[in-house]
Amino acid sequence: MTKPPEDRDIVRALTRGLDVILAFSNRRSRMSLTQVAAGAALSKPTARRLLLTLQQAGYVESDGKTFSLTPKILGLGYAYLSSLNLTEIAQPHMEKVAEATGHGCSLSVLDGSEVVYISRVPTHRIANLTLATGSRLPAHATSMGHVLLAGLGAASLRTYLEAASLIRVTARTIVTAEKLADRLAQVRQQGWAIVDQELEDGIRSASAPVVDAHGHVIAALGMSTTTDTAMTTIRDTYVPALKQAAANISSELGSGALARPS
């Protein structure tokens with residue numbers, strides 16, 4: 001059992017500073033010194049010193065009469081969110097997708113020109129694909145790869161298109177940079193991807209992006225099925241399930257919390 005800290009080890013100024021920050025919760029976004037002091041249960045001199053300290057650190061701004069929090073305060077919450085394990089967060093959402101669709105659900109990240117599976121909830125083996133954590137597949141031939149590539153910045157995508165070997169895996173594989181760029185633009189616009197037998201004959205797959213607190217695509221959530229499943233079923237049933245699960249995971253990661261305003 002962890003021994004509680006001695007009273008002399010507690011930095012009261014830190015706890016009071018947090019009280020000042022929390023005083024803005026469920027209250028007006030901008031408050032006077034008197035209002036902050038009352039909300040934090042502090043004397044006005046103590047509240048003033050703490051506010052000035054937070055202002056100097058960039059967490060609070062003032063117009064000379066009132067105070068408000070700055071966007072930098074979001075970093076405190078993101079410090080916690082970023083410490084969470086992505087696969088742990090994703091697991092229950094992936095299980096729901098697998099249960100709802102009857103098909104395995106995978107989570108992958110981009111590594112160079114390949115997607116790497118970092119987590120998978122299997123249901124059964126599909127055709128000749130053996131998918132497990134650590135599996136690698138060519139990004140240009142997979143729906144998860146398309147989602148991840150579509151999430152790259154312009155410079156990074158240009159570098160990829162200039163260097164990648166777009167090997168033909170099936171007769172349907174996109175093998176030119178121009179056509180792949182067009183596909184990725186479509187994926188970026190619609191927010192999901194479907195690949196029809198571009199990796200393996202008889203296999204279709206769908207994916208949706210997972211984004212972090214900065215709004216960056218950091219992973220792809222995907223699933224595969226056979227051509228026995230109609231494209232309309234994939235588009236109208238499986239894609240919404242993937243998008244919802246990916247959105248839920250992204251939300252738990254603080255999706256967009258630190259994104260720069262446009």
Side-chain angles (χ1 to χ4, degrees), residues 90-110 113-133 135-152 166-211 217 219-251:
Q91 184 72 20
H93 301 290
M94 294 169 65
E95 291 174 352
K96 289 180 180 179
V97 170
E99 182 179 356
T101 65
H103 296 285
C105 186
S106 303
L107 187 71
S108 71
V109 295
L110 187 66
S113 61
E114 297 178 313
V115 295
V116 182
Y117 283 68
I118 60 174
S119 182
R120 178 161 171 77
V121 174
T123 53
H124 57 271
R125 184 179 177 183
I126 298 178
N128 296 321
L129 291 178
T130 302
L131 304 173
T133 301
S135 294
R136 289 175 173 267
L137 295 174
H140 73 286
T142 63
S143 61
M144 289 196 293
H146 289 183
V147 162
L148 292 166
L149 290 172
L152 292 176
L166 305 181
I167 300 172
R168 185 177 298 281
V169 186
T170 74
R172 293 171 176 260
T173 308
I174 296 176
V175 293
T176 68
E178 182 179 1
K179 288 184 178 180
L180 182 57
D182 289 342
R183 172 73 68 81
L184 297 179
Q186 179 185 4
V187 169
R188 191 179 304 111
Q189 181 179 27
Q190 65 192 17
W192 51 270
I194 292 179
V195 160
D196 185 9
Q197 304 180 80
E198 295 176 36
L199 178 66
E200 181 177 332
D201 290 328
I203 297 298
R204 291 168 173 162
S205 66
S207 297
V210 174
V211 302
V217 175
L221 196 68
M223 58 169 295
S224 297
T225 183
T226 66
T227 48
D228 291 336
T229 303
M231 288 291 285
T232 53
T233 299
I234 296 174
R235 184 172 54 251
D236 299 339
T237 302
Y238 296 171
V239 166
L242 286 168
K243 287 179 63 179
Q244 185 60 62
N248 291 340
I249 296 168
S250 300
S251 178

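Keep in mind that what you see is a predicted model, and the values were worked out from it rather than measured. Atom set for the values below is all heavy atoms of this structure, side chains included, hydrogens, waters and symmetry mates excluded.
Rounded to the nearest 0.5 angstrom, Ser108 OG and Ile118 CD1 are separated by 7.5 Å. Note that CD of Glu95 is 10.0 Å distant from SG of Cys105, once rounded to the nearest 0.5 Å.
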May I have the list of side-chain donor-acceptor pairs in residues 238-247 shorter than 3.5 Å, sequence neighbours left out?
{"unit_1": "Tyr238", "atom_1": "OH", "unit_2": "His103", "atom_2": "NE2", "d": "3.3"}
{"unit_1": "Gln244", "atom_1": "NE2", "unit_2": "Asn248", "atom_2": "OD1", "d": "3.0"}

Show me the side-chain donor-acceptor pairs of residues 184-194 shorter than 3.5 Å, one per line, residues at least two apart or across chains.
{"unit_1": "Arg188", "atom_1": "NE", "unit_2": "Ala150", "atom_2": "O", "d": "2.8"}
{"unit_1": "Gln190", "atom_1": "NE2", "unit_2": "Trp192", "atom_2": "O", "d": "2.8"}
{"unit_1": "Trp192", "atom_1": "NE1", "unit_2": "Gln190", "atom_2": "O", "d": "3.4"}

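Across all their heavy atoms, Gln91 and Val121 have their closest contact at NE2-CG2, 3.6 Å. For the residue pair Thr170 and Thr173, the shortest heavy atom distance occurs at N-OG1, 2.8 Å. The minimum heavy-atom distance linking Met94 with Leu221 is given by the pair CG-CD1, 3.5 Å. When all heavy atoms are compared, the tightest approach of Val169 to Pro138 is CG2-CG, 4.5 Å.
Contact check for Leu166 versus Thr176: no side-chain heavy atoms found under the 4.5 Å cut-off. With contacts defined as side-chain heavy-atom distances shorter than 4.5 Å, the pair Ser205/Met144 does not qualify. When side chains are defined from C-beta on, Val195 counts as touching Arg183, because their heavy atoms get closer than 4.5 Å. No side-chain heavy atom of Ile174 sits under 4.5 Å from any side-chain heavy atom of His140. No side-chain heavy atom of Ser143 sits under 4.5 Å from any side-chain heavy atom of Leu199. At least one side-chain heavy atom of Leu148 sits under 4.5 Å from a side-chain heavy atom of Val217.
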Fill in: Residue pair Thr142, Glu198: steps toward the side chain to side chain contact (heavy atoms under 4.5 Å, CB included) verdict
CA-CA 7 Å; Thr142 63; Glu198 295 176 36; over 6 Å; no
Practice prompt. Please lay out, stage by stage, how Leu149 and Leu110 fare under the test side chain to side chain contact (heavy atoms under 4.5 Å, CB included).
Written response: CA-CA 8 Å; Leu149 290 172; Leu110 187 66; 4.0 Å; yes
Worksheet item: Does the pair Thr225 and Arg204 meet the rule for a side-chain hydrogen bond (donor to acceptor under 3.5 Å, both in side chains), with working shown?
Response: CA-CA 5 Å; Thr225 183; Arg204 291 168 173 162; over 6 Å; no
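Proximity of a side-chain donor or acceptor of Thr233 to a complementary backbone N or O of Thr229 within less than 3.5 Å is not detected. Without hydrogens or angle criteria, Thr226 side chain to Asp228 main chain gives a donor-acceptor distance under 3.5 Å. A donor-acceptor pair under 3.5 Å links the side-chain atoms of Gln197 to the main chain of Gly202, judged by distance alone.
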